[in-house]
Amino acid sequence: MRTEYQFREIEKAWQSFWEANEIFQAQVNPEKPKYYVLDMFPYPSGAGLHVGHPLGYIASDIMARYKRLQGYEVLHPMGFDSFGLPAEQYAIQTGQHPAITTEQNIARYIEQLKNMGFSFDWSREVRTSDASYYKWTQWIFMQLFNSWYNQETDKAESIETLKTILGAKGSIGLKAVCDEEVTRITAEQWNAMSADEQYAYLLSFRLAYLDDSVVNWCPQLGTVLANDEVKDGVSERGGYPVEQKKMRQWSMRITAYADRLLRGLDEVDWADSLKEQQRNWIGKSIGTDVEFAIENVSDKKIKVFTTRVDTIYGVSFMVLAPEHEWVEELTTPAQKEAVEEYVNWAKTRSELDRVSEVKTVSGVFTGTYVINPMNQERVPLFLADYVLAGYGTGAVMGVPSGDQRDWNFAKHFDLPIPSILDGQKDIDKQADPTKEGKYINSGMINGMGYKEATNTLNAWLEENGIGKGKVQYRMRNAVFSRQRYWGEPVPVYFKPTASGDLLPYLIEESELPLELPKIDKYLPTETGEPPLGRAASDWKYKGQYDYEWSTMPGWAGSSWYWYRYMDATNSGEFASKEAINYWKAVDLYIGGSEHATGHLLYSRFWNKFLKDLGYVPEEEFAKKLINQGMIQGRSNFVYRLKDSAKVTFVSHGLKDQYDVAALHVDVNIVENDVLDLEAFKKSRNDVPADAEFILEDGKYVCGWEVEKMSKSKFNVVNPDDLIAKYGADTLRVYEMFLGPLEQFKPWNTNSISGSHNFLRKVWRLFFDDNTNTSKLVDAPATPEELKVLHTAIRKVQDDLDRFSFNTVVSTLMICVNDLGALKCHKKLVLRELVILLSPYAPHIAEELWAALGEQEGSISYASFPAFNAAFLEENDFNYPISFNGKVKLTLAFPVTATPAEIEAAVLANDQVTKHLEGKTPSKVIVVPKRIVNIVLGK
RNA sequence: GCUUGGGUGGUGGAACUGGUAGACACGCGGGACUUAAAAUCCCGUGAGCCGUAACGCUCGUGUGGGUUCGAUUCCCAUCCCAAGUACCA
C-alpha cells in the first residue's frame, strides 16, 4: 500500500467523521469564554460558488478553528439569504415555485461548502425563506409597528407609553421622531378623539409606518424596480421606460437612529473606509433653518437650510430647485416663459448629467424678490438645478463670497459679491469659505468671530420666530414594501373605520407566521396590484379583511439573522435569553464591502431597536469586521490571424509580428499561460482539427488580463475542479497565501502547485513515499529543532491575532523547510506543527494527528502550542555594521554586551578599520540587538 | 471634486513600534538521480558594473523634496491606479 499523500480519501473520510460525530456543534457553555465568527450568508444563486466566494469563508473558518484550539467555545454557523429576485424571475419564466429553485440551489451550495471542510455547525443552519425563520422577521416588524422613538430618552419605546403621554400632555412639545406633517394636539383633543381617530393619529409615530413613497414603476413590466435595475431611465431588463410613481408603502424610521448609528461607529473595529462610507451615507450636517419673506406674497415664506448662518449678511441671491412646488406661483408673468423653458430643460437632465457637468452654471430669474430678514435687503429669487429638491428644504441662500458654487453663479448672472469677513482673500477671483477673522458689513455681528456670530444669530432668529438651529441628515427613511412574491408577507391586514377609511392592524402574535399564499402566476395582477393580490379572494384575515399584499425587502431577513444562529430551532422566541446573553454579539464578521450602506446599516438599526426594547444586550452587533477583497478573474487570450485562409493562432510572444484578433480562451485549459492544444481544439466548434498554431519554444503561450470573473470571459474557476485536482486543504492554503485578505486580487491558478507541494512536504516529514514506512521517532528535540518550532508558534499566533492570514502560510512553509533540512521526524515536534497547521489544512492535520497516535479523536479540540521564549534565546547577536546607514558587514557580539563595549570592539575590528579608510568616525550609534551605525563626516 | 485605500523583481507578495529591502511561493536557468519521463533533491535568479577568483562597487520600494546617524516605513508636494460618493447648501 502506498502511503503517498492521498488527499481525496483523507478529505472524504474526515468530513464524514466530523459530521457523524457532530464535532463542530456549539453549546452554551459558561465554563468557557465564547467566540462568535460569522460570515455574511450567501444568496444561493443558480451558478454555484466560484473560487472567489470561499475566500472569506476560509478566513473565518481558520479563525474559528484557531479559537477552538485556544479553548474558546466557538459559534461558527452558516445559512442562506434565500428570498430574492433571481428565484422569482425564474418562477415568472417557468411557473415553477421559487421555493423549489431555492431548495435546489441551497443543496448545491451545501455540498460545495462541505467539500471545503468548513467547521460550520450545520445544526444551526437558517434560511430566511423558511416560515420558521420569517415568523421572527415578521415578529420584529410587529415590534417596530408597536414602537415609537422618544427623543427625550433617546430610544424606542412601546406605543403604550406614547398613549399615556398623549392622554396627559398631548403632543405639543412632544419630542418624538414622526411624520413631518403631523398635527400637534392637546391632551383634551386626544381624549376627545374616537378610538379609530386615536389609532390613525398614532400611525404617524410608529417606527414602521405607511407613507407615500416614490418608486420606479415600469408599466410594461407591470412592476416596481430597484434603483439598480434602472439604467438611464429605462429598465435594465427589456429596456422599457420607467416612471416615478407615488405609492403607499411601508417605511422604517431609520432616521430616528441617525445619530446613534453615527456615534456607534466610534465603538466598532471596522475599516476606516467603511465607516466613512456610512458617515457619508448618514450625512449629518449641523446648521440653521431660516425663513425669508417674499416680496408681495404674504402667506408664504421660503425656508432655507444653511450650515453657515454666519454668512447671512453676504446673501446676494436665493435659489430654488427647479422641481420646487412653489415655482409656478412665485414666477412673475414677465419671466413665465423663460422659467417654463428652464424647468422643462431641467427635467430632461438625468442625475448623471447633473453630476458630470459640475462646472457649468445654469439658472433662471423668477422675477420675484425675497427679503433678507437680517438687513431687509431685496434679494432676487432664481431657479437652478444645482439645488436639489430632495435635500434640505429645496432652497438655498446664495453667499458668493464664501461658496464657490454661489460665486460661479453670481459671476454668471452679474450679481454682487459682498465681502463679510475681514479674513476673506481674493474674493474677486474665487470664493473663500474661511471662518477666520472678524465680520464686516454684517449688522449685529460686526466685529465678532465665527462662533460668537453663529450663536448670536441662532439665538436672535429663534427669539424672533424666523429661524432655528437644526441638524439635517441626508439619509432618508427606508422603504420597506416590495411589490414582489418571493419575500416575507407583512403581518398586517386592513380594516375599515366607521367612515370607511382602511386602517392597518397587526395580526395576533399567536397567528405567526403569516405564510406566503400559493398563487397561480408570479406577476402583478391585471390591475397593477402586487402578486399576492392574486390570492386575495381566499387569502383574508378572519375570512374578511385583506392582508397587506406587498412583501418585505431583501434586507429584512438579513438584519437580525446572527441572533437566530444562537438558538436556531427555538419556536417560542427568536432566540432564548440564555443563548443571547451567552453569545451576545458577533466577535468577528467577514464579508464584502458592497454591503456598507445596505445590510450593515439596516442591521445596526434593527440591533439598536432590539436593544432599546431589552431583547438584546449590545448596542453594536459586530465588534470586528473584515471586508475580504473581491477575487477578480484572470482571463487568457489566444491570437487568431485576421487574414489567413487557414484558421491559425499565433503564440503571445510572436503576435506583434502579425495582424491578429485576441479571443478569450477558457482558463481551465491553460496551465501557466501555456495552452493545452488538444483540449483547445475540442473545446470550440470554430476551431477545426487542422487549425494551425505558430508556437514559441514548442509551446503556445496565451496572453492575460485582469477582468471581472464571469462566464462570458471564460475565466471562471470552479473550486470543485481544483479540489478534485489538488484537494480542499491545498485550495484553502492557496487562497490564503494569495495575499492579504482585504486586498482585491486576480485569481491565478498558476502557483497553486506551490501550496500543494508544501502539504506534500509536510506529509514527507511523517512518511517515506517510497518505502511505505513511517519516519516518526520518539526522541527528545534538539535546541535547534525547538528554536525552529517556537519561532513558528510565536509568528503564527501573532499573525492570526492581527488577521494576517497570508503570512501564516509562509511561516509554516519556513518551519517545514527548516525541519526538513534538520531531518526532524520527532513526534514531540511534529505534534505541535500539526496543530499549527490544522486551521489551514484540517483534513491532512487530522490524518497526521491520528498517525502520531493521538487518542483524542479530533485535532479540533487540541490545545494551541504554548510559546516558550527560552528556546529562542541566543548567546550572540549578529550585528549589521553600517557606515552612514549602508550595511557593509556583520559582526557577532554577546547579547549581554553593552553599547560601549560593542562600540569599542567594532572600532578595533580589522575589517571596520579597512572600511574607515583612515577617517575618524564622528559618531557611532549602537542600537542593542538591532544595528551599529558608524557616522563619517563628509 | 471629495472620502478611503494602494503603487516594492518577470509574477503573487514579505519587511510587526524607522534599523541588513525583496522573506515565502510561482516562473525561469543550470545540475544530480533516471534508458526516459514524472516525482524528488541541490545551485542560481532586482538592475548595472569591475575582476581569473574569494570578493567587491554603484543604483534600486511611482516621482521630486524634507526630517533623521539611518526612511518601503514619518512629513510636504506631485503623478498614476482602485473602491466609494453628494453640486448636500
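Keep in mind that this is a model prediction, so the values were computed, not measured. So that the names make sense, note that chain A is the first sequence line, chain B the second, and so on, each numbered from 1. All values below come from the heavy atoms of this structure, side chains included, with hydrogens, waters and symmetry mates left out.
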Enquirer: What is the distance from CZ of F767(A) to C1' of U40(B), rounded to the nearest Å?
Expert: 18 Å
Enquirer: The side chain of F737(A) lies closest to which of these nucleotides: C87(B), G19(B), A25(B)?
Expert: A25(B)
Enquirer: What verdict does the salt bridge (charged side-chain N to carboxylate O under 4.0 Å, His left out) test give for K468(A) and D289(A), after you've listed the backbone C-alpha separation in whole Å, the side-chain angles of each residue and the deciding distance to 0.1 Å?
Expert: CA-CA 5 Å; K468(A) 206 175 165 190; D289(A) 270 343; over 6 Å; no
Enquirer: Within the 4.0 Å heavy-atom criterion, would you say N757(A) contacts the bases, only the backbone, or no part of the nucleic acid?
Expert: sugar-phosphate
Enquirer: Below 4.0 angstrom from OP1 or OP2 of U20(B), is there any side-chain N or O of S882(A)?
Expert: no
Enquirer: Any base atoms under 4.0 Å from R764(A), or only sugar-phosphate, or nothing? Heavy atoms, all strands.
Expert: sugar-phosphate
Enquirer: Does R279(A) pair with D266(A) as a salt bridge, N-O distance under 4.0 Å?
Expert: yes
Enquirer: May I ask you to say what K284(A) touches in the nucleic acid, namely base, sugar-phosphate or nothing, with a heavy-atom cut-off under 4.0 Å?
Expert: nothing
Enquirer: In whole angstrom, give the distance that lies between atom CD of Q277(A) and atom C1' of A82(B).
Expert: 13 Å
Enquirer: Please determine whether side-chain contact (heavy atoms from CB on, under 4.5 Å) holds for the pair F305(A) and S285(A), giving the CA-CA distance in whole Å, both sets of side-chain angles, and the decisive distance to 0.1 Å.
Expert: CA-CA 10 Å; F305(A) 174 74; S285(A) 40; 3.9 Å; yes
Enquirer: A cation-pi test, strictly: NZ or CZ of K929(A) under 6.0 Å from the centre of the six-membered ring of F877(A) and no more than 45 degrees from its axis. Yes or no?
Expert: no
Enquirer: Determine the contact category for E742(A): base if any of its heavy atoms lies under 4.0 Å from a base atom, sugar-phosphate if only primed atoms, P, OP1 or OP2 are that close, otherwise nothing.
Expert: nothing
Enquirer: Take atom C1' in A23(B) and the same atom in G13(B), then report the distance between them in whole Å.
Expert: 10 Å
Enquirer: For A89(B), take OP1 and OP2 only and decide whether either is under 4.0 Å from a side-chain N or O of Q472(A).
Expert: no
Enquirer: If we take the C1' atom in both G18(B) and U61(B), what is their distance in whole Å?
Expert: 15 Å
Enquirer: Considering just the side-chain nitrogens and oxygens of K745(A), establish if one lies under 4.0 Å of OP1 or OP2 belonging to G12(B).
Expert: no
Enquirer: What nucleic acid atoms does S810(A) come within less than 4.0 Å of, heavy atoms only: base, sugar-phosphate, or nothing?
Expert: base
Enquirer: Using a heavy-atom cut-off of 4.0 Å across all strands, would you classify D406(A) as base, sugar-phosphate, or nothing?
Expert: nothing
Enquirer: Whole angstroms only, please: what is the CG-C1' distance between D310(A) and A89(B)?
Expert: 13 Å
Enquirer: Separation of Q911(A) atom CD from G56(B) atom C1', in whole Å?
Expert: 13 Å
Enquirer: Please give the distance between the C1' atoms of A77(B) and C28(B) as a whole number of Å.
Expert: 40 Å
Enquirer: Using atom P in both nucleotides, what's the gap between C55(B) and C69(B) to the nearest angstrom?
Expert: 34 Å
Enquirer: Counting just side-chain N and O atoms, does R634(A) come under 4.0 Å of either OP1 or OP2 of G12(B)?
Expert: no
Enquirer: For C87(B), does OP1 or OP2 lie under 4.0 Å from any side-chain N or O of R405(A)?
Expert: no
Enquirer: Considering only U20(B), A15(B), U3(B), which nucleotide approaches the side chain of E276(A) most closely?
Expert: U3(B)
Enquirer: OP1 or OP2 of G12(B) versus the side-chain N and O atoms of N806(A): is any pair under 4.0 Å?
Expert: no
Enquirer: Please determine whether a side-chain nitrogen or oxygen atom of K761(A) lies at a distance below 4.0 Å from atom OP1 or OP2 of C24(B).
Expert: no
Enquirer: Whole Å only: how far is the NZ atom of K886(A) from the C1' atom of G19(B)?
Expert: 15 Å
